[in-house]
Amino acid sequence: MAAVSLMPQAASMAAADNPVLPGFHADPEILYSENTGKYYIYSTTDGTPGWGGHYFHVFSSDNLTSWTDEGIMLDLKGPQVPWASGNAWAPAIIERRQPDGSYRYYFYYSGHSPELNRKAIGVAVAYSPTGPFRDSGKPIVGESPTGFGQEIDVDVFRDPVSGKYFLYWGNGYMAGAELNDDMVSIRPETVKVMTPQGGTLADYNYREAPYAFYRNGTYYFTWSVDDTGSPNYHVAYGTADSPLGDIRVAADPVILIQNPALNIYGPAHNSVINLPGTDDWRIVYHRINADYLNDGPGIHREVCIDRLEFNPDGTIRKVEPTE
């Protein structure tokens, strides 16, 4: 299997290769493809004032250290996405094996809908992790179940226990819902507001960027605290007994935060990857390039990868972000 040849390379990944992508990117989503035996990162294109990026690149790697730019895979200002006019933000993707042995790739993302006059979440489908992707033609989520906040920062998760698929999203709130079998619509009766309650900007007060994963019988949820332009932007976590919670905030919830001594600021908006066939994990996140710290958000964020480790009781150890 291709995954077997990858594991020794990935497991020995040097910890000081950050940032891993060239240029400025944010909100990274990582995928391991059983189909190709490669890793893929999808991200918000940064370096554009006013959060104005309108397309997504995809990068591929077979070792988590050397990444190849596979080009633009979705452009929200062209004919690919008829319902959106830009603001290509914070993607998520999942690979699904079909009954005939082929694979489909479902790519979820946020964009600005002129018709709704707000951000919405769309979905595009492909037969390859690099595309071409075809948009479904309309948003999968167009309004907040809370009446406030933005419909952005989407995550998609396959529950290994039930085999069902779930979508999570929300800025200012966290919502979750079960996907229909078509993967391009949600079951509205399953929509649940899951926002972790309480906390402060120093610890776990929820802002955005929910992310779900499963390990050893426990559902883990991470999220970002504070504003993406703040040096204090950081990651907190909690656990649950099911894909739609309720979420129990961890006793020591902060797992990734700035380290001014190393000029590391604003490390958050993460995804998580389990190296195939191992209990070896990585957290993929963006942080603010220290040389541009005072230039405002949405300008100079860069993508990094570090180890994610667990204590014997299943709690997450604090991540040491590397230069």
Trace of the salt bridge (Lys or Arg N to Asp or Glu O under 4.0 Å) decision for Glu178 with Arg187: CA-CA 6 Å; Glu178 184 182 336; Arg187 294 179 56 196; 2.8 Å; yes

Trace of the side-chain contact (heavy atoms from CB on, under 4.5 Å) decision for Leu179 with Val156: CA-CA 9 Å; Leu179 283 159; Val156 59; 4.0 Å; yes

Test side-chain contact (heavy atoms from CB on, under 4.5 Å) applied to Trp83 and Asp135, step by step: CA-CA 9 Å; Trp83 62 266; Asp135 183 75; 3.2 Å; yes

Full working for side chain to side chain donor-acceptor pair (under 3.5 Å) between Asp17 and Thr65: CA-CA 7 Å; Asp17 292 333; Thr65 55; 5.1 Å; no

Stepwise side chain to side chain donor-acceptor pair (under 3.5 Å) test for Tyr204 and Thr200: CA-CA 6 Å; Tyr204 66 87; Thr200 70; over 6 Å; no

Evaluation steps, salt bridge (Lys or Arg N to Asp or Glu O under 4.0 Å), between Asp279 and Arg215: CA-CA 9 Å; Asp279 191 30; Arg215 177 184 181 269; 2.8 Å; yes

Side chain to side chain donor-acceptor pair (under 3.5 Å) assessment of Thr218 paired with Asn216: CA-CA 6 Å; Thr218 297; Asn216 291 350; over 6 Å; no

Chi angles and distances behind the side-chain contact (heavy atoms from CB on, under 4.5 Å) call for Asn274, Arg282: CA-CA 7 Å; Asn274 175 213; Arg282 299 289 186 273; over 6 Å; no

Ile283 vs Arg307, side-chain contact (heavy atoms from CB on, under 4.5 Å): CA-CA, chis, key distance, verdict: CA-CA 6 Å; Ile283 185 169; Arg307 296 184 182 277; over 6 Å; no

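Checking side-chain atoms of Asn180 against main-chain N and O of Asp182 turns up no donor-acceptor pair under 3.5 Å. With hydrogens and angles ignored, the 3.5 Å screen pairs a side-chain donor or acceptor of Asp46 with a backbone N or O of Ile299. Listed for the Ser61 side chain is a donor-acceptor partner under 3.5 Å among the backbone atoms of Ser66. A donor-acceptor pair under 3.5 Å is formed between the side chain of Asp155 and the backbone N or O of Ala212. Judged purely by atom type and a 3.5 angstrom limit, Trp89 uses its side chain to pair as donor or acceptor with the backbone of Trp51. Side chain of Ser144 to backbone of Gly149: no donor-acceptor contact under 3.5 angstrom is found.
Remark: aromatic rings of Tyr233 and His286 are close, center separation under 6.0 Å. Between Phe56 and Tyr42, the ring centre distance reaches or exceeds 6.0 Å. Residues Trp281 and Phe213 bring their aromatic ring centres within 6.0 Å.
Side-chain contact between Val154 and Leu167 is present, with at least one heavy-atom pair separated by less than 4.5 Å. In this structure, the side chains of Asp227 and Arg207 come closer than 4.5 Å at one or more pairs of heavy atoms. Side-chain contact between Ile247 and Met194 is present, with heavy atoms from C-beta onward closer than 4.5 Å. Residues Tyr109 and Val81 meet the side-chain proximity criterion, which asks for heavy atoms closer than 4.5 Å. Residues Phe59 and His25 form a side-chain contact, since some pair of their non-hydrogen atoms from C-beta on lies under 4.5 Å apart. Inter-residue side-chain proximity for Leu256 and Pro321 is flagged as met; some heavy-atom pair is nearer than 4.5 Å. Side-chain contact between Gln150 and Arg118 is absent, with no heavy-atom pair separated by less than 4.5 Å. Looking at Glu34 and Tyr103, their side chains come closer than 4.5 Å, going by heavy atoms from C-beta outward.
Side-chain contact check for Thr322 and Asp306: at least one donor-acceptor pair (N or O, by modelled atom type) lies under 3.5 Å. There is no side-chain donor-acceptor pair under 3.5 Å between Asn232 and Ser230. If you check the side chains of Asn289 and Glu302, you find a donor sitting under 3.5 Å from an acceptor. Using a 3.5 Å distance cut-off with no hydrogens or angles, the side chains of Asp313 and Thr315 do pair a donor with an acceptor. Under the 3.5 Å distance criterion, with hydrogens and angles disregarded, no donor-acceptor pair is assigned to the side chains of Glu208 and Ser224. Counting only N and O atoms by type, the side chains of Ser162 and Asp159 include a donor and acceptor under 3.5 Å apart. Between Ser33 and Asn35, the side chains place no donor N or O within less than 3.5 Å of an acceptor N or O (distance only, hydrogens not considered). If you check the side chains of Thr228 and Arg301, you find a donor sitting under 3.5 Å from an acceptor.
The aromatic rings of Trp223 and Tyr206 sit tilted relative to each other, their planes meeting at an angle between 30° and 60°. Below 30°, between 30° and 60°, or above 60°: for Tyr292 and His300 the angle between ring planes is below 30°, a parallel geometry.
Take Asp181 and apply the side chain to side chain donor-acceptor pair (under 3.5 Å) test, not counting sequence neighbours, and it matches Arg96. Scanning for ring-ring contact (aromatic ring centres under 6.0 Å, His included) contacts around Tyr168 gives Phe221, with sequence neighbours left out.
Ile264 belongs to a hydrophobic cluster with Leu262, counting contacts under 4.5 Å between side-chain heavy atoms of Ile, Leu, Val, Met, Phe, Trp and Tyr, direct or through other members.
With rounding to the nearest 0.5 Å, the separation of CD1 in Ile41 from CD1 in Ile93 is 12.5 Å.
Grouping the Ile, Leu, Val, Met, Phe, Trp and Tyr side chains by contacts below 4.5 angstrom, directly or via other members, places Ile152 apart from Met174. Linking Ile, Leu, Val, Met, Phe, Trp and Tyr whenever their side-chain heavy atoms come within less than 4.5 Å puts Tyr39 and Val303 in one cluster. Trp67 and Tyr40 fall into different hydrophobic clusters, where Ile, Leu, Val, Met, Phe, Trp and Tyr side chains are chained together by heavy-atom contacts under 4.5 Å. Both Leu244 and Val249 belong to a single network of hydrophobic side chains, linked directly or stepwise wherever heavy atoms of I, L, V, M, F, W or Y lie under 4.5 Å apart. Residue Tyr211 is not grouped with residue Ile273 when hydrophobic side chains (ILVMFWY) are merged at heavy-atom distances under 4.5 angstrom, including chains of intermediate members.
The shortest non-hydrogen separation linking Asp203 to Ala236 is O-CB, 4.1 Å. For the pair His54 and Gly86, the tightest heavy-atom approach, listed with the atom from each and the gap, is CB-CA, 4.0 Å. Of all non-hydrogen atoms in Ser43 and Leu21, the two that sit nearest each other are OG-CD1, 4.4 Å. Nearest heavy-atom pair across Asp75 and Gln80 is N-OE1, 2.9 Å. Considering all non-hydrogen atoms of both residues, Gln258 and Gly266 come closest at CB-N, 4.2 Å. Contact record, Pro28 with Ser271: O-OG, 3.0 Å, taken as the closest heavy-atom pair.
Residue Lys192 qualifies as enclosed at atom NZ: its count of foreign heavy atoms under 6.0 Å is above 12. Around the CZ atom of Arg134, the shell of radius 6.0 Å holds no more than 12 heavy atoms that belong to other residues, nucleotides or ligands.
Partner Val123 forms a side chain to side chain contact (heavy atoms under 4.5 Å, CB included) with one of Phe107, Tyr108, Phe133 and no other, that one being Tyr108. A ring pair (Phe, Tyr, Trp, His ring centres under 6.0 Å) with Tyr214 is found for exactly one of Tyr220, Tyr219, Phe157, namely Tyr219.
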